[in-house]
Amino acid sequence: MKITHPLIFMLALASCAAQAKDDAKLEITADKTEKAAVPKLKPATQENVIVYKEAGRYGGWPANQGLWQWGDELVVGFTSTWYKQTTTDHRIDRTKPSYRIQSRSLDGGKTWKEEPDQPYSERKEEVKPTPLTEPLDFTAPNFALMFRFGSLHSGPSTFYTSLDRCKSWKGPYSFAVDGVEGICTRTDLIVFGPRDCMMFGSCGKKIDGKEGRVFCARTTDGGLNWKLVSLIGPEPMEGGYAIMPSSLRLKDGTLLTTIRRSDPKVSGFIEAWRSSDLGKTWTFTGKAATGIGGNPPALVQLHDGRVAVTYGFRHKPSGMRASISADGGVTWGPQIVLREDGYDGDLGYPRSVVRPDGRVLTVYYFNGPKEDDRAIEGTFWTAPQL
């Protein structure tokens with residue numbers, strides 16, 4: 001039986017441990033402060049909005065689900081769980097259940113309405129995944145695809161599809177790529193044609209089996225079969241990882257991906273990689289952001305051809321930031337501070353889209369001004385001229 005939002009209190013606590021796996025334990029030191037010498041810019045314009053906020057609750061991790069837009073209609077997915085004060089983890093009560101929901105806007109992202117009852121909302125009620133039997137049209141006007149993962153490090157990953165702007169979902173469908181183990185992926189797609197699509201995701205490392213390597217795979221038969229194109233970059237050392245890519249195809253056909261990275265002795269950073277042969281080989285071009293405290297990127301191409309990557313900044317002063325590249329991800333400008341009014345570093349995991357007016361809308365989880373304010377928020381912002 002479907003669980004509706006008012007009945008969340010009645011969920012059995014026995015399943016809670018399996019449900020609070022949308023993000024691992026918070027990896028930052030709560031009191032670490034940014035070095036003052038780091039150059040920073042401000043956006044040309046900036047406006048914040050509330051997407052989801054409820055007393056006693058904690059909204060988290062839009063990067064784990066997705067953000068889609070069709071003109072002024074937008075849908076974002078995220079997790080709703082329970083707030084708990086702590087300084088050693090995400091500020092969530094891991095004895096209580098998590099619930100995956102979505103919110104919809106019909107006015108271009110200014111206001112949002114929660115849609116809590118989805119076929120993927122409650123893990124223990126999800127049906128068993130089955131193979132996709134009919135090819136997808138990735139270019140259908142109201143199409144959406146969302147990847148999901150079972151648990152960190154081991155997966156498995158599945159996907160849902162929608163033909164009506166996320167009003168209804170079909171799935172879950174099983175997902176596998178020969179030669180890739182421990183697939184634990186979020187939604188990151190480049191569409192080439194009606195049946196032709198490339199996905200980017202995370203998989204297990206050979207050295208320890210933990211999530212920590214990025215790969216790309218391609219289907220040319222509408223999602224019925226996916227074939228490995230390449231692993232991107234070398235495998236990180238033990239204790240490090242490369243995960244949660246965000247990718248796009250530049251106007252000249254070059255593929256650009258940005259990757260969440262960490263090494264044992266280096267604070268979280270974001271790498272950029274380019275491919276001129278449709279993902280077969282990749283060239284490392286540098287770091288799009290450094291010292292951010294562990295957060296995934298959200299990559300978009302602006303109307304003027306520049307690319308922008310947004311991410312959470314988990315050190316003090318905590319908030320949301322962006323970096324701009326004017327040469328397709330080869331070099332990156334100073335960090336742009338979208339906001340730095342977070343209560344603490346438990347924030348970020350953004351998704352971004354470019355609106356028809358040229359502004360970027362970045363949606364993320366955030367906190368403050370009070371400690372127990374744990375919401376999904378958004379920022380409309382315009383990139384400055386560097």
Side-chain angles (χ1 to χ4, degrees), residues 34-48 62-63 67 69 109 188 190 200 244-261 267-276 282-315 317-342 347-364 366 377-386:
E34 177 187 23
K35 295 180 180 179
V38 176
K40 295 179 289 186
L41 300 175
K42 293 183 178 180
T45 66
Q46 185 259 14
E47 177 188 1
N48 299 328
L67 172 62
Q69 69 169 339
D188 184 23
I190 296 177
F200 294 73
M244 302 185 73
S246 182
S247 315
L248 54 77
R249 189 182 191 187
L250 300 173
K251 293 180 180 180
D252 65 1
T254 300
L255 304 187
L256 172 65
T257 188
T258 50
I259 298 172
R260 177 182 178 180
R261 287 282 286 111
S267 177
F269 54 97
I270 293 172
E271 287 185 346
W273 294 76
R274 286 167 49 101
S275 173
S276 59
W282 294 85
T283 300
F284 172 66
T285 62
K287 296 178 181 179
T290 60
I292 65 174
N295 225 256
L299 183 68
V300 294
Q301 185 158 25
L302 306 177
H303 286 179
D304 62 10
R306 294 182 297 168
V307 294
V309 62
T310 49
Y311 43 89
F313 187 83
R314 283 178 160 170
H315 300 309
S318 54
M320 299 301 302
R321 298 192 180 185
S323 299
I324 302 290
S325 173
D327 54 15
V330 177
T331 60
W332 298 85
Q335 292 187 13
I336 301 166
V337 178
L338 305 183
R339 59 188 304 182
E340 53 184 359
D341 57 337
L347 48 73
Y349 269 59
R351 289 279 179 168
S352 292
V353 294
V354 179
R355 298 291 300 135
D357 63 6
R359 292 187 301 168
V360 179
L361 171 59
T362 299
V363 179
Y364 46 87
F366 206 70
E377 301 192 24
T379 297
F380 291 94
W381 61 281
T382 304
Q385 293 298 324
L386 304 182

(message) Against V363, only a single residue in L67, T379, V353, T310 fulfils side-chain contact (heavy atoms from CB on, under 4.5 Å); can you say which?
(response) L67

(message) Is it true that W381 and T362 share a donor-acceptor pair across their side chains at a distance under 3.5 Å?
(response) yes

(message) Name the residue from S325, P297, P296 that meets the side-chain contact (heavy atoms from CB on, under 4.5 Å) definition with V309.
(response) P297

(message) Whether R359 engages the ring of F380 as a cation-pi pair (distance to the six-membered ring centre under 6.0 angstrom, angle to the ring normal within 45°) should be assessed.
(response) yes

(request) Using modelled atom types only, decide if a donor and an acceptor are shared between the side chain of E271 and the backbone of A289 within a distance under 3.5 Å. (result) no

(message) With rounding to the nearest 0.5 angstrom, report the CG to CZ distance, L41 to R321.
(response) 11.0 Å

(message) Is it the case that the side chains of Q301 and R249 hold a donor-acceptor pair, with the cut-off being a distance below 3.5 Å and no angle test?
(response) no

(request) Calculate, to the nearest 0.5 Å, the distance between atoms NE2 and CD belonging to H315 and E340 respectively. (result) 14.5 Å

(request) To the nearest 0.5 Å, tell me how far S246 OG sits from L256 CG. (result) 9.0 Å

(message) Can you list everything that forms a salt bridge (charged side-chain N to carboxylate O under 4.0 Å, His left out) with D252? Sequence neighbours excluded, please.
(response) none

(message) In terms of relative ring orientation, are F200 and W282 parallel, tilted or perpendicular, with 30° and 60° separating the classes?
(response) perpendicular

(request) Take T285 and W273, measure what side-chain contact (heavy atoms from CB on, under 4.5 Å) needs, and give me the verdict at the end. (result) CA-CA 6 Å; T285 62; W273 294 76; over 6 Å; no

(message) Suppose we call two aromatic rings close when their centres sit under 6.0 Å apart. Are Y364 and F366 close by that rule?
(response) yes

(message) Whether the side chain of T257 engages the backbone of P245 through a donor-acceptor N/O pair (distance < 3.5 Å, no angle test) should be reported.
(response) no

